[in-house]
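To start, the structure under review is shown below, and the notes come after it.
Model, not experiment: these values are computed from the prediction.
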Amino acid sequence: MNKEVRVRFAPSPTGALHIGGVRTALYNYLFAKKMGGKFLLRIEDTDQTRFVPGAEDYIKESLEWLGISPVESPWNPGGCGPYRQSERKPMYMQYALDLVEKGHAYYAFDTSEELEAMRERLTAARVVQPQYNSITRTQMKNSLTLTAEEVKARHASGEPYVIRIKIPRNEEVRLNDMIRGWVMVNSSTLDDKVLMKSDGMPTYHLANIVDDHLMNITHVIRGEEWLPSAPLHVLLYRYFGWADSMPQFAHLPLLLKPDGNGKLSKRDGDKLGFPVFPLNWTDPFTGEKSSGFREQGYLPDAFLNFLAFLGWNPGDERELFTIEELVEAFSVERIGKSGTKFDIAKAKWYNEQYLKVKPIDELAAFFIADANAEGFEVPADKTEAIVNLVKGRVTFPADLWKESKFIVSAPTEFDQEIASKKWNADAVKVLGAYAVTLEGFSGPFDAGTAKALLESTAETEGIKLGKVMQAVRLAVTGSGAGPDLMEVFAILGTMEVAKRIRFALSTLTVVA
RNA sequence: GGUCGGUUCGUCUAGGGGUUAGGACGUAUCCCUUUCACGGAUAAAACACGGGUUCGAUUCCCGUACCGACUACCA
C-alpha cells in the first residue's frame, strides 16, 4: 500500500529524442519528485534493426541539460539492472514460456509471406479486421493447430518461430487510466500480438510488462499512442499473475503540429520553423542535421517551464515556475486530456522572461563569448553597462551581442532608407557643432550630460532637436532603431561619439 | 474501414448546472519613450452541432460532426 513510487522513462534509441519524449520524461520526473519516489530510465532497444549509434548518449545529455536525470539508468545503475533491454535478453524467454505453459500463449511458425497472404485473403473477403486472432489463428501454422509432434519436430529442426499471446475470444478488458478514467475494450478487437520475436528478442509488449514488474514500477506515464495497446498489457499482467501489483497507467495527450494536423514527429525536423529536438542532432546514417532548442538559445529552465505547460497547468494563474515549484505544484489530475498544439511563440516568450531575470554576469558571459567569437574584444568596464542596456530587447542570449555590436564596432555603413529621409542640412549642422562641443568637453560624461550638451547645441543652431534626432542616431549607430541613444553615448565616451559623427559627416551626403 | 481517445478565444488553458465564461501567448490601439524594444493600459477574440435531463445546460446523458492515436516479428 505504501509502496515507494517508481516511474520510468523508456525511450528507444532510434535517433534523437524528440520533444514529446522529453515532456513525457519531464512529467515522469515531476511525478516521482512530487511523490517522493524515484525516476528511472530504461533503454528499450529490443529492435536491433533500428538501433542508431549515439542515440543513447543523446538521451542522457538531453535530460542532463534540463536537469531531470534519472536516479537509475544504464549509466547509473540501481538495484534493478540491467537497464538496457538488449542486456536483459536472457530474462524474457522464461516468462513467455510460462505463458505458453499456462495456455495464454502459443508458438507460431508462419512466415512473413504467409502472414501477408493471410491479410490479403481477409481483406479480399472484406473482413473488417484482418488480423491474427481467435478466429484466424485456427487457419495458421501454430502450436494450436499443429500436433505436439509437429511442433516438436519444427523446434528440433531449428525452424524459426514466434510466441504469440492467445487473446480470449470475447472478454471485457478494462483499465482505470489516471487521466482518462475507465477505458473498456472487448478482447475480440485485440489481436494475438507477438510476444517473442524469431530473433529471440521480446517485443515491446512483453518486455515492458516484465521489466516494469521486475523494476517495481508503480505508475506508467507514457504517450497516448499506447492507449490502444494498454488492454493487451492489462491482460498480460493478469496472465502473469501480477494483477495485484499492476502499475497505474496515465496516458498523456499528444503534442500536435501547430497547423493541427497530426502529432509532432521526428521527421518534422526543422520543417515547421522550429526544432523538434532538445539538442542538435546529426543522423549518423544520412548525415542529415537537425537543430536543437539548446543550440537555438533556449535556456533549460525556460524550456522546461514551457514544456511543463504543454498539457498541464497548476490551476491558478501563475506562469513562471522553477523546477522546484513545478514539482511542488504538479499533479497528474491536472494533466489535460486533449492534444496540444506546439506554439513556438510561447516558447520564445518564456525564454525572454527567464533571460530578463538572469544575473548580469551570466548574461555578460554570453555577450563576451559571442563578441570574442567574432574577433572583438569588449572593454571589461563596459560589458555590464552594455548588457544592461540591451537585455530587455532580446529573446536569445545571442541577441545580446547582435543588439549591441554597433557599440563595440563603429558603423561603416548607414541605413540608406533612414539616411534618405532624415539626413538633411539641419542634421549636418547640429552634428558638426555637437562634435566640436564633445571634443572640447572634459569632465564626467553620462547620459544626462550627453543629452544636455546635445540640446544646447541644437538650441544654439536654432534647430529643434526632435527633427534631427534620427539623424544623430544614424550617424553614431548606423541604423534608425536601437537602445537609448544617450546611454549609448555615455558608454562610447565623448571622443568616440565625435569620431563617429565626423565619419558620418564625411560619408553621408545630403540629398535634396 | 475498425477500435480507442478527444473537442472552451487563432494558440495554451481556467471554470463548471444560474459567471459580465477568467488568465497567458499572439494580434490591435493608446500611454511611456525625441527611435525600436521593454513596461503599463485597453480592445477584439471561445463553450463544435443536434437532441434529451432540468425551472435553468457551456457544464450531466445520448447521438452527429470534426480532430487525433492505434491497427508490424517498431517502439
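- Residue A:His251 contributes atom NE2, which lies 20 Å from atom P of B:G68 at whole-angstrom precision.
- Closest to the side chain of A:Leu465, out of B:U34, B:C73, B:U35, is B:U34.
- In this structure, A:Asp45 and A:Gly482 both approach RNA chain B, and ranking their closest nucleotides by distance from the 5' end singles out A:Gly482.
- Rounding to whole angstrom units, CZ of residue A:Arg164 and C1' of B:C73 are separated by 8 Å.
- Counting only heavy atoms from C-beta on, A:Val185 has its side chain closest to B:U3 among B:U3, B:U35, B:A75.
- As a whole-Å value, the separation of A:Leu400 CG from B:C38 P is 16 Å.
- The number of heavy-atom neighbours closer than 6.0 Å to CD of A:Glu384, taken from other residues, nucleotides and ligands shown, is 12 or below.
- Ranking B:U7, B:A69, B:C4 by closeness to the A:Leu227 side chain, first place goes to B:C4.
- In this entry the distance linking CD of A:Glu224 with P of B:U7 reads 10 Å, nearest Å.
- In this structure, A:Arg222 forms no cation-pi arrangement with A:Phe249, as its terminal cationic atom is not both closer than 6.0 Å to the ring centre and no more than 45° off the ring axis.
- At the heavy-atom level, A:Thr49 lies nowhere under 4.0 Å from the strands shown.
- When the shell of 6.0 Å around CD of A:Glu459 is examined, it contains 12 or fewer heavy atoms from other residues, nucleotides or ligands.
- Judged by distance alone with a 3.5 Å cut-off, a donor-acceptor contact links the side chain of A:Lys346 to the base of B:A24.
- Regarding A:Asp177, its CG atom lies at a distance of 10 Å from the C1' atom of B:G5, rounded to whole Å.
- A donor N or O paired with an acceptor N or O is found under 3.5 Å between the base of B:C73 and the side-chain atoms of A:Ser198.
- Across the protein-nucleic acid pair, A:Arg174 atom CZ and B:G5 atom P stand 13 Å apart, rounded to whole Å.
- Following rounding to the nearest Å, A:Trp226 (CH2) and B:U3 (C1') show an atom-to-atom distance of 17 Å.
- One interatomic measurement links the two molecules: CG of A:Leu122 to P of B:G2, which rounds to 17 Å at whole-angstrom precision.
- Across A:Thr145, A:Asp192, A:Asn142, a single residue satisfies side chain to side chain donor-acceptor pair (under 3.5 Å) together with A:Tyr106, and that is A:Asp192.
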